[in-house]
Enquirer: 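Sending over a structure as structure tokens; questions will come in a sec.
Small disclaimer: the values here were computed from a predicted structure and weren't measured.
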Amino acid sequence: MQDTDDSGFSGPAPEPTKTESIAEAAAEPSPPPRKGPETGPTAMPGELAGPRRTETDRVGRFLPLRVLGEGGMGVVYAAYDPDLDRKVALKLLRVTGGERDLELGYSRLLREAQAMARISHPNVIPVFEAAPWQGQVYVAMELVDGGTLREWVRSEPRSWREVLEKYLAAGRGLAAAHAAGLVHRDFKPANVLVGRDGRVFVTDFGLVRAVGESGRDEGGRSLLAPLPSKMLSEPLTQTGMVMGTPAYMSPEQFRGEVVDARSDQFSFCAGLYRDLYGQRPFDPDQLSRFAAARSSKGPDTGGPGRTVSLKKPDEATPASPILEPPRDARVPAWVRRAVMRGLSLEPADRFASMEALLEALSQEQRLAVKRRRLGVSVALAGVLGVAGAGAWWNSRVCAGAEGLLTDIWGPTARQRLAAAFEATGNVVAGERAQRVGELLDAYAGAWARQHTEACEDTRVRQVQTEELLSQRVVCLERRRKDLRAVVEALAGTDRAGVDKALDAVYALPSPQDCADLEALNGQQPRPADPALRAELEQLEGQVSEVKAQLDLSRYPVALEKARALEPKVLATGYLPLMAEVRFHLGWLQALKGEKEQGAGVLEQAVYDAEAGRTDRLEVSVLNKLLYVEGERKRFEHATRWARLGEATLQRLGGDAVLEGDLLVNQANLALMQDQPQQARGLLEKASERLARVLPSGHPKRARVAFTLGRTLLELGAFAESKQVLEDALRQTEAAVGPLHMDTARRHMALSMALRELKEYPQALEHAQANVRIQRKLVGPTYLGLAEALDEEGMSLLALKRYEEALKVYEEALAVKRQNLEEGDELFQYSYDGVGQALLGLGRTREALEPLRLAVTFTDAQEDSLGESGFALAHALYKEGQPEEARTEAKRAYERFTSAGRTAQAQEVQAWLDALPR
């Protein structure tokens, strides 16, 4: 069996190869007709049925103008009817056999004409005439200026509404055929025409047959109207012969059984599925094997046309070949359900009629009609003086969403939060409370808008079912719990919590996710038992509390809560919440150093999220899991989790924020494996994705820019690094303000990039800004301040401001001695700075001790040790110790060379060469 779109076992002429003035479309594409000599303005095909004709030849009274399509059974012309002065489509059947073949061909084509003529419907192509002619047979029908439905779908991107609208029109034509007692038996997009004016016509009834006693429902009632015509009721094929196009054929057609209207319904849904989702609903070979393995015609025990299984009870039933639609398609669930029912493998499981299927697919159109009728009613009510009341009710039925949050966030909660922040004594308490308040205002507003919109979609606009409203409200209620947990946690915050407050608010799940109906529909349903639902809602609130504590970096408290919650959540069997609690638990364990246990719990969370169909949560879990596995040096495992995250995102239909997070952690994975160039590409891609959906100044964009800038710095792309880090600084200040540790880190990185570019005054400005922020936020004894002082000292040394540099490095040493044990490699930078400052001041003897200490930290970076060693060589030489100076200089040369610092290595060599021997 051919695995193509429109290949048929038997059928009418092939689909035209042009998209102009087409009145016929059929089984399979054929190559364009070979060109013959032009005898007029239009070239005619060189080889057709019978002798070559020119445009002056007639078929009956019709004058062919040009070929629209040609295939194995005949040719379709655009033709002219001189009697009625109109253009027509002329289908001419090629008959190459004897008289019997001509008789059968004539019967088939006349049968098609008779069938189409019986159907008077705007969506069925009108037939004007059918007759034999010079040993052949022709049918004249209306000429449609346009193309096939298949071509229309492929011509440009189409929304699901556009596709559904065309199929509904075609379905109405098909239903009209059924009402006339006909079954098409070869419905497919290539047998539907779409005019340039948008009109839709079902055509090509070449395989049509009347339904006799087989076309009945479960109660024995006829599915189609009786058909008295002898021609249409007379079979032209043998019983058991497979007729149709495999890509659209029903299982009963594959078995060669007598079919009824429900077979057309299956073919209709097969075409609609393909054009909605961009993929086949089944593989024809698999469906053929499935049909053969299932039931065959059995005793007539279930009413006319029914089949019974001949399998024994213990025989295995093959798996269904019908594929589930892709999750990334933005097609409403009610459309998907109707299409999948129409694709049921057993006719009895499909809709009772084509009309019933169209009714199920017309939900949105029916609601639109209701809305229009409602508008008319309101207008009439206005005439009667009651329109104001109706409009008022419509505007108020979904009002008041803001009031649902007053017990969580409002003026009282804002004052309580500001007082809690001030009580911590944090120097940025007032500024931070203001920013947090603004973000929570925005979040509450977004929540209220989503709640109102969800209500109006059902109660006012009537474009959404009550079931969908319920799902959206449940989702929004969970977001309300998340908001409550964060507000409560912030109201009891400490000094460190003030610094983390913005992170916690930014980490709140978006209310916009509750508008993703496909995702909501796909999740595991909530339990029906009221008691279990109540328990689940209580547990959800507690899981929200765990997340709030985690986002505020209160890891011990969060871990204790998560461990206590896990068995209670598992007892509910509700997979989405199981996945969520394990997500938090596993990540907390990893953060506390229990990386192996944490990775195991995160892995189980992936499986729970997959089973519960919570795709967004699954990607978030995979994001953490790949990072933890990377830290464990299990890079192959981490890469596999990343690939699964990419696949899940694809099924989800894409999410720029989740994709950005995934790309950033893949970049971190690359950096762990010393692949900065690969990390750079991933980070640039992440930055581009996030820029599409997040505003400038969002912390995620700022952090990606910062990581990219640091990576460029590592790669030696200093000018690019400077530009990216300046952008990171601007975005960070917009997101969290000028007094924040993230802002301090941006200044630090910029100082490093500027020093590499030898822009020392600018580097010093950023280094000193970093120091000022550190002093204000964490005080004079914090270890981070010492590192900031080291960076400031390097810029001062480069500017030859040795006195200032000495004071800075001595303060850095004092801070480190308060926080570290002697011998920690972090001392290396400060000892080196003190020594180089003393050397610059001419105090060479005093410089020897700190510089000798600096080169003892062998675990420090090679280039840092090289700088200390070269400075020590200078001091030794000035103090009259030339041999020891040569030895230290040679070591410095080796270290610079090992670190790839060629210029510094050459400088050392030049110094050695200049020494007197």
Enquirer: Counting only N and O atoms by type, is there a donor-acceptor contact under 3.5 Å from the side chain of T245 to the main-chain atoms of A247?
Expert: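 Between the backbone of A247 and the side chain of T245 there is no qualifying donor-acceptor contact (under 3.5 Å).
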Enquirer: Quick one, R459 and L469 - any side-chain contact, counting heavy atoms below 4.5 Å?
Expert: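 When only atoms from C-beta onward are counted, L469 and R459 do touch, with a gap below 4.5 Å.
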Enquirer: Measuring from atom CZ of F351 to atom CD of E359, what distance do you get when rounded to the nearest 0.5 angstrom?
Expert: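 Spacing of CZ (F351) from CD (E359) equals 10.0 Å.
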Enquirer: Does the distance from a Lys or Arg side-chain N to an Asp or Glu carboxylate O, for R350 and E252, drop under 4.0 Å?
Expert: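 Result for this pair is yes, salt bridge flagged.
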Enquirer: Can you name the nearest heavy-atom pair linking A170 to V192, along with the distance?
Expert: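 Looks like CB-CG1, 4.0 Å.
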Enquirer: Considering only heavy atoms from C-beta outward, does the side chain of V59 approach that of P64 to under 4.5 Å?
Expert: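 Yes, their side chains come closer than 4.5 Å.
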Enquirer: Only one of R86, K87, R199 forms a salt bridge (Lys or Arg N to Asp or Glu O under 4.0 Å) with E142, so which one is it?
Expert: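 Result for salt bridge (Lys or Arg N to Asp or Glu O under 4.0 Å) with E142: R199.
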Enquirer: Pick from F254, F282, F187: which one makes a ring-ring contact (aromatic ring centres under 6.0 Å, His included) with F266?
Expert: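 Of all the options given, the one that passes is F282.
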Enquirer: Angle between ring planes, W160 versus W334, binned at 30° and 60°: parallel, tilted or perpendicular?
Expert: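 If you compare the ring of W160 with that of W334, the planes turn out perpendicular.
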Enquirer: Go through the steps to decide whether M141 and K91 satisfy the test side-chain contact (heavy atoms from CB on, under 4.5 Å), and finish with yes or no.
Expert: CA-CA 8 Å; M141 62 192 82; K91 181 174 182 178; 4.1 Å; yes
Enquirer: Provide the closest heavy-atom pair for L168 versus S362 in the form atom of the first, atom of the second, distance.
Expert: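 Taking L168 first and S362 second, the nearest heavy atoms are CD2-OG, 3.6 Å.
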Enquirer: So, taking the atom named CE in M340 and the one named CG in L323, what distance separates them when rounded to the nearest 0.5 Å?
Expert: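 The CE atom of M340 sits 8.0 Å away from the CG atom of L323.
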Enquirer: Can you give me the closest heavy-atom contact between L143 and V88, atom names plus distance?
Expert: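 Smallest heavy-atom distance, with atoms named: CB-C, 3.7 Å.
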Enquirer: Could you tell me whether D275 and R150 make a salt bridge, using a distance below 4.0 angstrom between a side-chain N and a carboxylate O?
Expert: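 The answer is no: the pair does not qualify as a salt bridge.
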Enquirer: Specify the closest pair of heavy atoms between Y248 and S267, including all atoms of both residues, with the distance to one decimal.
Expert: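 Nearest pair, atom of Y248 first, then S267: O-OG, 2.7 Å.
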Enquirer: Roughly how far, to the nearest 0.5 Å, is CG of L174 from NE2 of H178?
Expert: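 Rounded to the nearest 0.5 Å, the NE2-CG separation comes to 4.0 Å.
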Enquirer: Check whether any side-chain N or O of Y273 sits under 3.5 Å from a backbone N or O of L343 as a donor-acceptor pair, and report yes or no.
Expert: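 No; judged by distance alone, with no hydrogens or angles, the pair does not exist.
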Enquirer: Using only atom types and a distance under 3.5 Å, with no angle test, would you say the side chain of N191 pairs donor to acceptor with the backbone of T203?
Expert: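 Looks like no, no N/O pair under 3.5 Å.
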Enquirer: Please report the closest heavy-atom contact between I125 and L193, naming both atoms and the distance.
Expert: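 Closest heavy-atom pair between I125 and L193: CD1-CD1, 4.2 Å.
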Enquirer: Please report the shortest heavy-atom distance between V144 and G195, naming the atom on each side.
Expert: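 For V144 versus G195, the nearest heavy atoms are CG1-CA, 3.8 Å.
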Enquirer: Who are the side-chain contact (heavy atoms from CB on, under 4.5 Å) partners of P82, not counting sequence neighbours?
Expert: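 Scan of P82 (side-chain contact (heavy atoms from CB on, under 4.5 Å), adjacent residues dropped) gives R58, Y80.
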Enquirer: Once rounded to the nearest 0.5 Å, what's the spacing between atom CZ of R262 and atom CG of D264?
Expert: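 Atom-to-atom, R262:CZ and D264:CG are 12.0 Å apart.
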Enquirer: Looking at R61 and D81, is any side-chain nitrogen of the basic one under 4.0 Å from a carboxylate oxygen of the acidic one?
Expert: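 Between R61 and D81 there is a salt bridge, with a charged N closer than 4.0 Å to a carboxylate O.
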Enquirer: So, using side-chain hydrogen bond (donor to acceptor under 3.5 Å, both in side chains) as the criterion, who are the partners of S263 when residues are at least two apart?
Expert: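 Partners of S263 under the side-chain hydrogen bond (donor to acceptor under 3.5 Å, both in side chains) test: S250, Q253.
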Enquirer: Determine whether R336 and Y277 satisfy the following criterion, side-chain contact (heavy atoms from CB on, under 4.5 Å), listing intermediate values before the conclusion.
Expert: CA-CA 10 Å; R336 183 184 69 240; Y277 300 110; 3.3 Å; yes
Enquirer: Any heavy-atom pair between the side chains of L361 and L272 that's under 4.5 Å?
Expert: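 L272 vs L361: side chains touch.
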Enquirer: Take K188 and D186, measure what salt bridge (charged side-chain N to carboxylate O under 4.0 Å, His left out) needs, and give me the verdict at the end.
Expert: CA-CA 6 Å; K188 57 189 173 185; D186 194 26; 3.7 Å; yes
Enquirer: So, the side chain of S344 versus the backbone of R341: is there a donor-acceptor pair under 3.5 Å, distance only?
Expert: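 Side chain of S344 to backbone of R341: a pair is present.
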Enquirer: Taking side-chain contact (heavy atoms from CB on, under 4.5 Å) as the test, write out the residues that go with R158, two or more places apart.
Expert: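 R158: side-chain contact (heavy atoms from CB on, under 4.5 Å) contacts with W152, S155, E156, E162, V163.
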Enquirer: According to the interplanar angle, ranging from 0 to 90°, do the rings of Y167 and F268 count as parallel (below 30°), tilted (30 to 60°) or perpendicular (above 60°)?
Expert: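 Because their plane-to-plane angle is over 60°, the rings of Y167 and F268 count as perpendicular.
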Enquirer: In Å, rounded to the nearest 0.5 Å, how long is the span from CG of L345 to CG of L287?
Expert: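 One gets 6.5 Å once the value is rounded to the nearest 0.5 Å.
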Enquirer: Would you check if R185 and M249 make a side-chain contact, meaning some heavy-atom pair closer than 4.5 Å?
Expert: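 When only atoms from C-beta onward are counted, M249 and R185 do not touch, as no gap falls below 4.5 Å.
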Enquirer: Starting at OG of S353, measure out to CD of E355 and round the result to the nearest 0.5 Å.
Expert: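 These two atoms lie 4.5 Å from each other.
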